[in-house]
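Comments concern the structure below.
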Amino acid sequence: MGALLVRDKRILATGYNGAPTGLPHCEEVGCRREQLGIPSGQRPELCRGLHAEQNAIVQAALHGVSVRGAVLYCTNQPCVICAKMLINAAVKRIVYEVEYPDELAVEMLTEAGVELDRLEPEAAKEPA
């Protein structure tokens, strides 16, 4: 999964799903949620990794880059944790490709006035 924060046609920060800097990824040490039989999208606090959106916000903060008014381009629709962070970071629009089963995230983003745009899947596009 990946994420780009963009403003005025300039990339402000990037992020990808992964463990915190310097720590092993779950592919190396095993996935706790998988070991506990927890389905995808549930109990994210038990995961070693950060989502791409979270890492993009952290990278911007680490380098002193404001993301106020930015557009987030990401692989998946953000989860509720990422949605709350994006709202507080004043991101104005989110463009994503893959739906994510998190109604609360959509509800909160809509309530906060964050524009949500889903890209049309490649298979559904007609040839030019």
Side-chain angles (χ1 to χ4, degrees):
M1 306 301 156
L4 292 170
L5 283 163
V6 176
R7 187 177 54 236
D8 299 327
K9 299 182 182 182
R10 297 189 98 115
I11 296 172
L12 304 173
T14 64
Y16 57 88
N17 282 15
T21 304
L23 298 181
H25 193 275
C26 58
E27 290 177 346
E28 300 170 71
V29 296
C31 176
R32 178 171 290 169
R33 289 176 48 230
E34 188 176 280
Q35 292 164 356
L36 296 172
I38 298 169
S40 178
Q42 296 180 15
R43 302 289 314 269
E45 73 278 8
L46 296 178
C47 181
R48 293 183 64 81
L50 286 92
H51 286 179
E53 303 93 326
Q54 295 167 343
N55 269 324
I57 292 169
V58 169
Q59 284 303 309
L62 186 63
H63 296 288
V65 177
S66 172
V67 298
R68 179 181 299 278
V71 176
L72 175 80
Y73 293 91
C74 54
T75 309
N76 288 13
Q77 170 199 311
C79 71
V80 71
I81 293 170
C82 291
K84 291 185 279 188
M85 292 176 69
L86 293 161
I87 291 166
N88 278 357
V91 169
K92 69 175 183 179
R93 180 175 172 225
I94 298 168
V95 180
Y96 65 95
E97 185 177 15
V98 180
E99 294 279 346
Y100 187 75
D102 195 328
E103 292 177 22
L104 182 56
V106 173
E107 180 183 317
M108 292 183 79
L109 289 163
T110 302
E111 185 179 345
V114 177
E115 189 179 338
L116 277 170
D117 291 316
R118 182 173 183 210
L119 293 175
E120 186 178 336
E122 286 297 320
K125 291 183 181 176
E126 293 183 27

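These figures come from a predicted structure and were not determined experimentally.
Heavy-atom contacts from other residues, nucleotides or ligands closer than 6.0 Å to CG of D117 number more than 12. Enclosure of atom CD in E115 by more than 12 non-hydrogen atoms of other residues, nucleotides or ligands within 6.0 angstrom is indicated. No more than 12 heavy-atom neighbours from other residues, nucleotides or ligands sit within 6.0 angstrom of CD1 on I11. Around the CD atom of E99, the shell of radius 6.0 Å holds more than 12 heavy atoms that belong to other residues, nucleotides or ligands.
One distance of note links CD1 of I38 with CZ of R43; it measures 5.5 Å at 0.5 Å rounding. Note that the CG atom of N55 and the CG atom of L50 stand 4.5 Å from one another [nearest 0.5 Å]. Atom CE in M108 sits 11.5 Å away from atom CG in L86 (nearest 0.5 Å). The structure places CD of Q35 at 11.0 Å from CG of L46, a figure rounded to the nearest 0.5 Å. We find the CG-CD distance between D102 and E107 to be 10.0 Å, quoted to the nearest 0.5 Å.
Minimum interatomic distance between R33 and Q42 (heavy atoms only, all atoms of both residues): NE-O, 3.0 Å. The two atoms that bring L5 and I57 nearest to each other are CD1-N, 4.0 Å, heavy atoms only.
Hydrophobic clustering (side-chain heavy atoms under 4.5 Å, transitive across Ile, Leu, Val, Met, Phe, Trp, Tyr) keeps L4 apart from I94. When the side chains of ILVMFWY residues are joined at heavy-atom separations under 4.5 Å, either directly or via intervening members, L12 and M85 end up in a single hydrophobic cluster. V6 and V91 end up in different hydrophobic clusters when Ile, Leu, Val, Met, Phe, Trp and Tyr side chains are linked at under 4.5 Å. When hydrophobic clusters are built by joining Ile, Leu, Val, Met, Phe, Trp and Tyr residues whose side-chain heavy atoms come closer than 4.5 Å, directly or via intermediates, V114 is grouped together with L104.
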What donor-acceptor contacts under 3.5 angstrom involve side-chain atoms of residues 58-83, with partners at least two apart or in another chain?
{"from": "Q59", "atom 1": "OE1", "to": "H63", "atom 2": "NE2", "distance (Å)": "3.4"}
{"from": "S66", "atom 1": "OG", "to": "R68", "atom 2": "N", "distance (Å)": "3.2"}
{"from": "T75", "atom 1": "OG1", "to": "G2", "atom 2": "N", "distance (Å)": "3.0"}
{"from": "T75", "atom 1": "OG1", "to": "G2", "atom 2": "O", "distance (Å)": "3.4"}
{"from": "Q77", "atom 1": "NE2", "to": "Y100", "atom 2": "O", "distance (Å)": "3.1"}

Determine all donor-acceptor pairs shorter than 3.5 Å in which one atom belongs to a side chain in residues 13-28; sequence neighbours excluded.
{"from": "N17", "atom 1": "OD1", "to": "A52", "atom 2": "N", "distance (Å)": "2.7"}
{"from": "H25", "atom 1": "ND1", "to": "E27", "atom 2": "N", "distance (Å)": "3.1"}
{"from": "E28", "atom 1": "OE2", "to": "H25", "atom 2": "N", "distance (Å)": "3.1"}

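Remark: the backbone N or O of Y96 is not paired with any side-chain donor or acceptor of R118 at under 3.5 angstrom.
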Please step through side chain to side chain contact (heavy atoms under 4.5 Å, CB included) for the pair H51 and M1, ending with a clear verdict. CA-CA 8 Å; H51 286 179; M1 306 301 156; over 6 Å; no

